[in-house]
Amino acid sequence: MSLGWDAAWDAVRRQADPDGAWTPVRIAAEHRGAYHAIGDGGVAWVELTGKLYNEAADKRALPTVGDWVLVERWTEALAGNGAGIVRALLPRRTFLVRKAAGEAVTPQPLAANVDVGLVLTSANSDLSPARLDRYVGLLRDGGVEPVLVLSKVDLVPEPGAALAQLRAVSGGRVVAISSTRGEGLDELRALSGAGRTTVLLGSSGVGKSTLLNALIGTRQETRELRADERGRHTTTGRELFVAQDGGVWIDTPGMRELAQWVEEDEEEQAFDDIMELAQRCKFRDCHHAQEPDCAVRGQVDERRLASFRKLAAERAAGAARQSEAQRIATARRARKRRIPGKDD
Ligand SMILES: Nc1nc2c(ncn2[C@@H]2O[C@H](COP(=O)(O)OP(=O)(O)OP(=O)(O)O)[C@@H](O)[C@H]2O)c(=O)[nH]1
Ligand SMILES: [Mg+2]
Ligand SMILES: [Zn+2]
């Protein structure tokens, strides 16, 4: 097993489990209350104890994709004999959390222990610097260096101008790729590679899963898009994959989980200027109303600001409704998708 495990992780593990009674495994996918974990011997179900679950103040205290956890009954779980039991969550080296853009929505963990963050934007659609900037911010806040990727360059005659725009956003590395032609993939493989963990981020339809398929040949569902269509959601959950070369990759669903950011792309673009100004507000959750050191108030038309506030409020309410609906749907699915062997 490598999956990114190294001597430093071993030291952390010995602190949490001096007797070495538990097995370190990595969370590969989340299903409310239960997880797929990957470790020595393969993939199996693991579960939290009620105690761990109840003691968690919010989702950040619970395992998420990419986390290292110590489990009991791993061998049994591998044999399909119930789920392994998560006894400890090892401290994260890096941690990506979606913070609510304006309103008080609880923080949503995206991935843990990521080394490289690829932010994709496709060459054949409008580039939103404000949106890219938010991904870059999310990665940097989590301790991860962003790499901006211009995808589908096979669809445009000249990507030069778009690449220059991307460089202006991050000041970091920018890579042009075509998954269909295989261009730029070696550069991405060189960034990732054995023991490193790379997360793919970006709006729905930019080609994250297609890239992953091209890189590691995992069968990730992709969807054919009509030429004029903006992306629709295909990938439905975050999931961790291991490449032949030992590199670890985390695919994410475009904007479904990040609903509050860009569910309504068009609407948001109408407020790009406000979003950009808002980055200089003193408070991250500034409502641009009475807050001190607001960079927006007074800079834009008051009526536009009012509709922006309205949109932000609607979106917060929508996100709350959606997460409740999601909770119910996932609980239902989890009940159906019983852990093999557990209840038989
Ligand atoms: N021409 C061309 N099409 C591509 C390329 N990469 C992806 N596509 C197409 O773009 C569409 C969307 O690709 P996906 O990989 O499903 O996009 P995604 O980012 O995973 O989308 P979500 O899972 O919804 O977040 C598919 O029809 C792909 O075939 C590319 O390099 N060139
Ligand atoms: Mg996908
Ligand atoms: Zn403000």
Mind checking side-chain contact (heavy atoms from CB on, under 4.5 Å) for L277 and listing every partner two or more places apart, or none if nothing turns up?
-> R280, V296, Q299, V300
Check: D19 side chain, A21 main-chain N or O, donor-acceptor pair, under 3.5 Å = no
Report the C-alpha separation of L305 and R309 in whole Å, then their side-chain angles, then the decisive distance to 0.1 Å, and conclude whether the side-chain contact (heavy atoms from CB on, under 4.5 Å) test is met.
-> CA-CA 6 Å; L305 189 51; R309 280 201 204 97; 3.6 Å; yes
Distance from N124 atom CG to S151 atom OG, nearest 0.5 Å?
-> 7.5 Å
Heavy-atom check, side chain of I27 versus side chain of T64, under 4.5 Å = no
Please check if any side-chain donor atom of D251 sits under 3.5 Å from a side-chain acceptor atom of S209, or the reverse.
-> yes
Going only through I, L, V, M, F, W and Y residues with side-chain contacts under 4.5 Å, is there a path from V43 to V248?
-> yes
Which atoms form the tightest heavy-atom contact between A176 and V153, and what is the distance?
-> CB-CG1, 3.9 Å
Inspect the contact between E145 and R173 and indicate whether a charged nitrogen and a carboxylate oxygen are less than 4.0 angstrom apart.
-> no
Taking the side chain as C-beta and beyond, is there a heavy-atom pair between L191 and R196 under 4.5 Å?
-> no
Result of checking R92, R238, R93 against D67 for salt bridge (charged side-chain N to carboxylate O under 4.0 Å, His left out) | R92
Mind checking what makes salt bridge (charged side-chain N to carboxylate O under 4.0 Å, His left out) contact with K51, not counting sequence neighbours?
-> E55
May I ask you to test the W5-D10 pair for a side-chain heavy-atom distance under 4.5 Å?
-> yes
Between W74 and D40, is there a donor-acceptor pair closer than 3.5 Å when you use the side chain of the first and the backbone of the second?
-> yes
Value rounded to 0.5 Å, distance of CG in L120 from CG in L118 = 6.5 Å
Might you work through the side-chain contact (heavy atoms from CB on, under 4.5 Å) test for L90 and L70, ending with a clear yes or no?
-> CA-CA 8 Å; L90 298 186; L70 301 180; 4.0 Å; yes
Kindly determine whether V119 and L132 satisfy side-chain contact (heavy atoms from CB on, under 4.5 Å), including the steps that lead there.
-> CA-CA 7 Å; V119 180; L132 292 175; 3.7 Å; yes
Are I85 and L52 co-members of a hydrophobic cluster defined by side-chain heavy atoms under 4.5 Å apart?
-> no
Apply the side chain to side chain contact (heavy atoms under 4.5 Å, CB included) test between P159 and each candidate in L150, L166, D154; give the one that qualifies.
-> L150
Any donor-acceptor pair under 3.5 Å from R13 side chain to W22 backbone = yes
Taking a hydrophobic cluster as the set of Ile, Leu, Val, Met, Phe, Trp and Tyr residues connected by side-chain heavy atoms closer than 4.5 Å, whether directly or through intermediates, do V71 and Y53 fall within one such cluster?
-> yes
Got C281 and E291 here, is their nearest side-chain heavy-atom distance under 4.5 Å?
-> no
Got a second to check how far D133's CG is from S128's OG, nearest 0.5 Å?
-> 9.0 Å
Would you find a donor on one side and an acceptor on the other, under 3.5 Å apart, between the side chain of T198 and the backbone of W249?
-> no
Mind checking what makes side-chain contact (heavy atoms from CB on, under 4.5 Å) contact with E276, not counting sequence neighbours?
-> P129, A130
Kindly indicate, with the supporting measurements, whether the criterion side-chain contact (heavy atoms from CB on, under 4.5 Å) is fulfilled by V206 and K152.
-> CA-CA 8 Å; V206 294; K152 310 191 192 182; 5.5 Å; no
Is the shortest heavy-atom distance from the side chain of I216 to the side chain of Q244 under 4.5 Å?
-> no
Plane angle bin for W68 and W9 - parallel if under 30°, tilted between 30 and 60°, otherwise perpendicular = tilted
Could you give me the CA-CA distance, side-chain angles and deciding distance for D141 and R134, then say whether salt bridge (charged side-chain N to carboxylate O under 4.0 Å, His left out) is met?
-> CA-CA 10 Å; D141 285 352; R134 257 168 289 146; over 6 Å; no
Nearest-0.5 Å distance, OG1 of residue T23 to CZ of residue R87 | 12.0 Å
What is the distance from atom CG of L138 to atom CG of L201, rounded to the nearest 0.5 Å?
-> 6.5 Å
Would you say K208's side chain and P253's backbone share a donor-acceptor pair under 3.5 angstrom?
-> no
Side-chain heavy-atom pair V199, T252 within 4.5 angstrom cut-off = yes
Does the side chain of L110 come within less than 4.5 Å of V97's, by heavy atoms?
-> no
Indicate yes or no: at least one non-hydrogen side-chain atom of L211 is less than 4.5 angstrom from one of L200.
-> yes
Looking only at atom types and distance, does a side-chain atom of Y35 sit under 3.5 Å from a main-chain N or O of A28, one as donor and one as acceptor?
-> no
Could you state the interatomic distance from CG (L127) to OG1 (T121), rounded to the nearest 0.5 Å?
-> 4.5 Å
